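Remember, it's 1-based here, ligands and their atoms both numbered in the order they're listed. What you see is a predicted model; the values in this text were computed from it and never measured.
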Amino acid sequence: MTKSTSGSNTYDAIVIGAGISGMYFVHRLRAMGMTVRVFEAGSGVGGTWYWNRYPGARFDSESYSYGYSFSQELLDEWEWSEHFAPQPETLRYLNYVADKFDLRRDIEFNARVKSARYDSQAQDWTIETENGKSASAPFLLQAMGCLSAPYIPEIAGFESFNGDSWHTSTWPHESVDLSDKRVGVIGTGATAVQMITEIAKNVGDLTVFQRTPNYCKPLRNGPITAAEQAEIKANYAETFERCNNTFGGFVHGADERCAFDVSEEERLAFYEELWAGKGFSFWLGNFSDILSDEKANETVGAFVREKIRARLDDPAVADLLVPTDHLFGTKRQPMESGYYEAYNRPNVHLIDLHETPIECFTEQGLKTSGASYAFDIVIFATGFDAVTGALNRVDIRGEDDHALKDKRDDGPSAYLGMSTTGFPNMFITGGPHNSSSFCNIPRCLEQNVEWITDCIAYMREHGYSRIEATDTAEAAWTQHVLESADETLLTKTDSWFMGANIPGKKRVFLNYVGGVPTFRAKCAEVAGQDYAGFVLS
Ligand code: NA7
């Protein structure tokens with residue numbers, strides 16, 4: 001039975017978020033004859049690509065591996081202009097998709113959801129938005145993204161600062177002229193690396209406050225030629241098939257050899273070859289043991305450190321930018337296109353926060369333990385309360401009014417990263433313990449949406465109206481997720497993968513690193529066994 005949308009606010013499904021998965025949910029659910037309403041905080045579609053408008057924002061995934069794969073017509077029509085498309089192009093693409101599939105009529109914009117409550121009697125979820133709207137549906141689909149809750153550290157005196165300040169993910173929609181501005185940037189993660197490179201080209205004066213340097217690799221972007229375009233279009237099926245079968249869902253798959261299977265000469269030649277490659281070739285196309293064997297990892301780390309040092313004019317600046325406090329690849333590797341050269345400019349300065357920590361904002365700017373700095377603008381490139389942050393910022397109540405954020409003291413748990421006990425008929429894309437947060441994200445989000453909508457279709461076919469994961473299945477999945485993470489070096493480093501970038505957040509692995517093929521196989525197995533590990537009624 002289909003719930004009517006006419007004149008009521010009751011639907012078959014409610015989706016929170018109109019990013020990549022939210023948009024695809026609309027398309028899939030409509031095709032199943034279901035009514036759906038999406039609630040989106042922004043004024044347009046696109047999620048990550050709607051919000052993150054900072055200069056330099058672009059893909060680190062090859063463009064042609066990033067778009068939706070579900071529509072051949074869409075693949076035929078759309079042409080990416082660069083190997084790694086810039087944010088405005090990606091946002092144009094997502095708007096094109098919204099137009100092509102007429103998605104906007106089922107999306108409520110400027111509607112940030114503040115709460116979602118499950119009513120066991122009615123077997124319905126009800127959401128409320130900050131602007132006073134409410135709606136109900138038997139299914140609640142969380143599509144808020146894994147890097148969508150911006151994190152701004154608490155720094156004393158912030159209110160007293162007379163200049164402008166914003167987080168990279170809330171960069172103003174109108175253009176900002178920095179050419180005569182004194183700008184401070186806090187943070188040197190993947191976002192900051194893209195942004196600093198771009199704004200350094202046309203800024204009055206730029207001061208970067210760095211806590212931890214990263215192992216950045218050249219992106220090696222460039223325009224897509226006509227011949228390449230033809231090849232890309234002819235090979236989409238193979239590209240997506242390849243992505244489904246690589247560890248991280250990218251076109252780059254690990255080499256089967258281990259680092260010490262070859263001589264040092266061969267090893268270095270291989271590193272040079274990967275370094276010359278595009279995108280994540282070096283991180284994800286490397287020897288199979290570099291993220292699990294510390295000695296193998298160190299050979300890579302040493303190689304990258306030399307590459308970085310060679311690009312900096314000032315050895316003292318090089319000392320600060322060369323990472324020594326964590327293992328290569330255990331944080332998300334930033335991609336760069338001239339990042340290090342930015343520090344060779346006379347108007348770009350680097351401050352080491354280990355030596356001189358930030359003490360407070362002042363009316364004029366920032367004060368560290370070493371000096372005071374005057375700024376017109378301070379930009380927070382300080383990352384996100386990743387994976388669980390967006391979910392926790394909504395008051396989500398399941399059975400017996402239990403809050404999702406209180407569910408587990410020792411970290412999140414979700415069966416297949418998509419469903420969690422006590423929250424019937426609620427599915428999550430890009431949530432904790434889901435492969436999508438350690439993935440070429442759309443590849444995994446498409447899989448998430450297809451799996452969830454297939455599950456809903458199965459329920460409707462078999463007359464089920466309620467689904468909930470069992471405690472046993474969820475506990476087993478959590479154990480598998482944590483064991484897979486422990487087999488890697490990722491858990492040794494403080495990063496957003498571990499929730500360790502947020503003060504007070506439980507330090508526990510948030511993603512899934514058993515690999516995309518394993519994740520897909522497990523999901524298919526569960527579905528093939530009539531949704532084993534779930535109770536359907
Ligand atoms: P990241 O990778 O979490 O980077 C955040 C940066 O901000 C990083 O350099 C942090 O230093 C720094 N940071 C965070 N808090 C502070 C404080 N209190 N003081 C100084 N510096 C701070 O976020 P990004 O936005 O760059 O990237 C997130 C993901 O988006 C990325 O993985 C891609 O998938 C896209 P730290 O390293 O913690 O010492």
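- If you check which protein heavy atom lies closest to atom 15 (N) of ligand 1, you get R211 NH2, 3.4 Å.
- Contacts with ligand 1 closer than 4.0 Å are made by side-chain heavy atoms of Y151 only, the backbone lying farther away.
- A salt bridge (Lys or Arg N to Asp or Glu O under 4.0 Å) with R58 is found for one member of E198, E89, E82 and no other, namely E82.
- Proximity to T188 (heavy-atom distance under 4.0 Å) selects the following atoms of ligand 1: 6 (C), 8 (C), 9 (O).
- For ligand 1, the atoms sitting less than 4.0 Å from at least one non-hydrogen atom of F384 are 25 (O), numbered in the order shown with element in parentheses.
- Between R182 and D205, none of the side-chain N atoms (NZ, or NE/NH1/NH2) sits under 4.0 Å from a carboxylate O, so this pair counts as no salt bridge.
- Listed by number with element, the atoms of ligand 1 under 4.0 angstrom from any heavy atom of A190 are 26 (O), 31 (C).
- By the 4.5 Å heavy-atom criterion applied to side chains, L404 and L391 are counted as neighbours.
- Counting only heavy atoms of the protein, atom 28 (C) of ligand 1 lies nearest to W496 NE1, 3.8 Å.
- Scanning R332, E154, Q333 for the heavy atom closest to atom 33 (C) of ligand 1 points to R332.
- Distances between N or O atoms of N214 and those of ligand 1 include no value under 3.5 Å.
- Residues K114 and D395 fail the side-chain proximity criterion, which asks for heavy atoms closer than 4.5 Å.
- Salt-bridge annotation for R408 and D410: present, with a side-chain N of the basic residue lying under 4.0 Å from a carboxylate O of the acidic one.
- Contact annotation: for T168 versus ligand 1, there are no heavy atoms closer than 4.0 Å.
- Using a 4.0 Å cut-off between charged nitrogen and carboxylate oxygen, E341 and K201 do not count as a salt-bridge pair.
- Given atom 4 (O) of ligand 1, the protein heavy atom at minimum distance is G189 CA, 3.6 Å.
- Using 4.0 Å as the threshold, Q210 has no heavy atom nearer than that to any atom of ligand 1.
- Not a single heavy atom of F380 sits less than 4.0 Å from an atom of ligand 1.
- When each of F161, F209, W166 is tested with V378 by the rule side-chain contact (heavy atoms from CB on, under 4.5 Å), just one qualifies, namely F161.
- In terms of protein heavy-atom proximity, atom 18 (N) of ligand 1 is closest to P153 CB, 3.3 Å.
- Those atoms of ligand 1 that come under 4.0 Å of a heavy atom in G187, given as number and element, are 6 (C), 7 (O), 9 (O), 12 (C).
- Within the 4.5 Å cutoff, the side chain of P223 has no heavy atoms near those of the W80 side chain.
- Residue A381 places at least one N or O, backbone or side chain, under 3.5 Å from an N or O of ligand 1.
- Under 4.0 angstrom from ligand 1, the non-hydrogen atoms of L147 all belong to its side chain.
- Annotation: L353 places no N or O atom under 3.5 Å from an N or O atom of ligand 1; distance criterion only.
- In terms of modelled atom types and a separation under 3.5 Å, the side chain of D352 and the main chain of H354 share a donor-acceptor contact.
- Looking only at heavy atoms of the protein, atom 37 (O) of ligand 1 is closest to K331 NZ, 2.8 Å.
- Near I186, meaning under 4.0 Å from any of its heavy atoms, are these atoms of ligand 1: 20 (C), 21 (N).
- No more than 12 heavy-atom neighbours from other residues, nucleotides or ligands sit within 6.0 angstrom of NZ on K492.
- Side-chain contact of E359 with T368: a donor-acceptor pair under 3.5 Å is absent, judged by distance alone.
- Looking at T212 next to ligand 1, an N or O pair under 3.5 Å apart turns up.
- Judged by a 6.0 Å distance limit and a 45° cone about the ring axis, R507 is not positioned over the six-membered ring of F509.
- Within the 3.5 Å criterion, the main-chain N or O of F84 finds a donor-acceptor partner in the side chain of N221.
- The nearest protein atom to atom 25 (O) of ligand 1, hydrogens excluded, is given as T191 OG1, 2.6 Å; this is a heavy-atom distance.
- Protein heavy atom in closest approach to atom 23 (O) of ligand 1: G383 CA, 3.1 Å.
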